[in-house]
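Report on one structure; see the data block that follows.
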Amino acid sequence: MKKIASYPDSLTEKHFHYCPGCTHGTVHRLIAEIMDELEIREETIGVAPVGCAVLAYEYFDCDMHEASHGRAPAVATGIKRVHPDKVVFTYQGDGDLASIGTAEIVHAANRGENITTIFINNAIYGMTGGQMAPTTLEGQKTTTTPYGRNLKEAGNPIKMTEMLSVLDGPSYIARVSAHSPKHIRKAKKALKKAFQMQLDGKGFSLIEVLSTCPTNWGIKPKDALNWLEEYMMPVYPLGDLKDIKEVE
Amino acid sequence: MAEKVLMKGNEAIGEAAIRAGCRYFFGYPITPQNDIPAYMARELPKHDGVFLQAESEVAASNMVYGAAGSGARVLTSSSSPGISLKAEGISYIAGAELPCVVVNIMRCGPGLGGIQPSQGDYFQATKGMAHGDFHMIVYAPSTVQELVDLTYKGFDTADRYRNPVMVLGDGMLGQMMEPVEFMEPLDPAELPKKEWATDGAKGRETNVINSLALAPEELEAMNKKLENKYKRVKANEVMHEEYRLEDAEIAVVAYGTSARISTKAIDMARERGIKVGLIRPITLYPFPEKEIAATCDQIKKYLTVEMSTGQMIEDVRLAVNGRRPVEFFGRLGVVFEAEEVLQRLIALGGDN
Ligand SMILES: Cc1ncc(C[n+]2csc(CCOP(=O)(O)OP(=O)(O)O)c2C)c(N)n1
Ligand code: SF4
Ligand SMILES: [Mg+2]
């Protein structure tokens, strides 16, 4: 009998601490499935961020490093330079990657560092209780934008993925979403391709995943899925932004 | 015995690191330490090593964190303002108990300061590097030969204690040319395997490099473990040197370049019959506390000499513990002359 689904080997048995309806766990599972399918669990070193996924090292059943806030791409660079034959990935939130860690992600991407970054954009700082992230939408209420994000004062939702895709270093950059089964299947395809790029030695790959934070958005899990589709997707359109395989 | 070669301090650090089996360097340009990255950029590729000019010192220290956690011997170097930015990574390295060597070729601050040699980062190196209760093991060489020996030794000490080690020099020492003798190079492939390192969990349990401990008991245990390590470091790693101290009544306490200048001043003072000697801490952490205290019966006055407004003097005073007066001489921005130290010694000791 053909096995259709099972618990991924690359996840530990530890229960996720994520809130109900949070898509962090969904993305963890996709990464673990890919590690299983590519048979790279024993070859992989992951870097966990500071953010809600800070405990990712307890969930992924591979060697892991806990980075300081925003520095995962620098930590991953150190690891990859020592072990160029291993698979190295970073898992980072939008505060981590698009705010405090902008320098590190830009330069890792620009060096074409042969690592894979999974960038969880939930338009908010989840872990610290719902402050504005650089990705927060216009008018979106957070604890630090209680009247809604005012673009004149707080700047615009930052499009890191678009910015990174104009660099020469990256091999594959795409934006996907984790809010529906159809989108999750597409997200998995993109994530797998990103890891494959690294295995093929093509250089830096990054997948931005639009993700939910019902807790800090202050809405029900089901409404969060709709909110993501209705409000986030127009600002952060899905699709491939850079793919050197298509250029070749 | 190996032949002596004439070498600049900064470059000698690089060569010593390579001979210690270091194959990874991450750094960011800053004067007066630029010869170190330049040397590593030139020499590491010849040894299949990696030199990477990072986008900032923050990134460089976090690259060191990654490389150290991956099991490699790794070096980074900087000067004062750059070390401030490296503080984040160093705190994580100390928290996760990883070995690495950090060189600070001190210049004068605060702020942007200037590129003149200084010893103004003593507090930073020995006490307040970054957040949290941790210590680096800090070596303070005073000759180019010692830069070589302590850099080499630093990698062993770092590995033994799984702790960051700092080699604390200054712009004068970094730029100075002196004859040095090198040790036989070590093959990094022959170093003992670090079982805790992240290199892919092939046929073993996974390894995690981490300094997060959420449960209070776990957090306390983590800090207790560090505290016990520092106790072992204090018991075993103190290094100091004494010069003309046998019959001395005055002791100069100085390290690094200040100790070199003080040595000259002591010789001049001795010619005038002033009974003065030198206590030179070689490790600043752990500080030769007991060793200084042991001289209190004999020594009547201490003079701490530093290229700062007085930082190490606090540790000297703690060691002396009120039993004798501890005076200070120092300048910063300008490197003082032996003659100036001599004048202080004359004032202290009388021209007897
Ligand atoms: C240097 C530093 N600054 C601030 C913090 C506090 N902090 C922890 S997580 C976080 C934001 C995380 O948000 P994001 O990266 O979007 O991740 P999410 O929780 O939303 O997944 C902040 C500011 C920290 N740990 N370290
Ligand atoms: S706070 Fe938000 S991002 Fe964090 S686990 Fe809860 S829902 Fe997910
Ligand atoms: Mg977020």
Side-chain angles (χ1 to χ4, degrees), chain A residues 9-12 14 17 35 39-50 53-88 90 100-111 113 115, chain B residues 23-26 28 44 48-74 76 85-93 95-96 98 100 130-131 188 194 196-214:
Chain A
D9 285 339
S10 299
L11 281 184
T12 64
K14 203 138 193 151
H17 68 281
M35 279 202 256
E39 298 181 356
I40 53 171
R41 186 187 75 81
E42 295 187 328
E43 311 292 330
T44 298
I45 304 156
V47 185
V50 174
V54 70
L55 292 174
Y57 60 80
E58 292 198 348
Y59 306 137
F60 291 117
D61 200 15
C62 60
D63 276 4
M64 293 291 295
H65 266 246
E66 171 53 42
S68 52
H69 196 18
R71 318 295 178 220
V75 176
T77 297
I79 299 167
K80 188 73 180 190
R81 295 301 179 111
V82 175
H83 299 301
D85 54 332
K86 303 287 184 224
V87 178
V88 180
T90 72
I100 196 167
T102 43
E104 285 75 15
I105 193 65
V106 166
H107 289 278
N110 193 50
R111 285 191 300 269
E113 211 63 60
I115 59 171
Chain B
R23 294 292 180 270
Y24 300 91
F25 181 95
F26 304 93
Y28 187 85
L44 275 175
D48 294 325
V50 174
F51 167 86
L52 199 159
Q53 181 168 321
E55 57 271 29
S56 70
E57 288 88 350
V58 175
S61 69
N62 283 287
M63 289 172 187
V64 170
Y65 173 56
S70 299
R73 286 196 158 182
V74 51
T76 187
L85 285 192
K86 285 196 169 131
E88 177 192 83
I90 293 170
S91 177
Y92 277 73
I93 288 165
L98 300 179
C100 72
H131 64 284
K194 294 168 179 168
W196 45 262
T198 53
D199 54 3
K202 193 156 232 131
R204 60 157 170 77
E205 295 284 295
T206 56
N207 284 339
V208 176
I209 302 297
N210 183 26
S211 58
L212 178 67
L214 289 173

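Quick note: numbers below take in every heavy atom, side chains included, and nothing from hydrogens, waters or symmetry partners. Below, read A as the first sequence line, B as the second, and so on, with proteins coming before strands; counting in each chain starts at 1. The shown structure was predicted, so the numbers you read here are calculated from the model rather than taken from an experiment.
For the side chain to side chain contact (heavy atoms under 4.5 Å, CB included) test, residues two or more places apart in sequence or in another chain that qualify with Glu88(B) are Ser68(A), Arg71(A), Val58(B), Asn62(B), Tyr92(B).
A 6.0 Å sphere centred on CZ of Phe51(B) holds more than 12 heavy atoms belonging to other residues, nucleotides or ligands. Around the CG atom of Asp48(B), the shell of radius 6.0 Å holds no more than 12 heavy atoms that belong to other residues, nucleotides or ligands.
The OG1 atom of Thr198(B) sits 5.5 Å away from the NE2 atom of His83(A) when rounded to the nearest 0.5 Å. One distance of note links CG of Asp199(B) with CD of Glu42(A); it measures 11.5 Å at 0.5 Å rounding. Once rounded to the nearest 0.5 Å, the distance linking CD of Glu113(A) with CG of Leu52(B) reads 6.5 Å.
Ranking Ala74(A), Ala103(A), Pro73(A) against chain B, the residue ahead of the rest is Ala74(A), based on heavy-atom pairs under 4.5 Å. For the set Arg41(A), Glu58(A), Lys86(A), His69(A), the count of heavy-atom pairs under 4.5 angstrom toward chain B peaks at Lys86(A). The greatest number of non-hydrogen atom pairs below 4.5 Å with chain B, out of His107(A), Glu66(A), His65(A), is found for His65(A).
Looking at Arg204(B), only its side chain comes within 4.5 Å of chain A, counting heavy atoms on both sides. Val208(B) touches chain A through backbone and side chain together, each having a heavy atom under 4.5 Å away. For chain A, the nearby part of Ala197(B) is the backbone; its heavy atoms alone come within less than 4.5 Å. For Leu55(A), the part lying near chain B is the side chain, with the backbone staying farther off; criterion is any non-hydrogen pair under 4.5 Å.
One finds no salt bridge joining Lys202(B) and Asp63(A) here, because no Lys/Arg side-chain nitrogen approaches an Asp/Glu carboxylate oxygen to under 4.0 Å.
For residues 75-82 of chain A, the interface with chain B (any heavy-atom pair closer than 4.5 Å) comprises Val75(A), Thr77(A), Gly78(A), Ile79(A), Arg81(A), Val82(A), sorted by residue number.
Counting only heavy atoms from C-beta outward, the side chains of Glu55(B) and Val106(A) never approach each other to under 4.5 Å.
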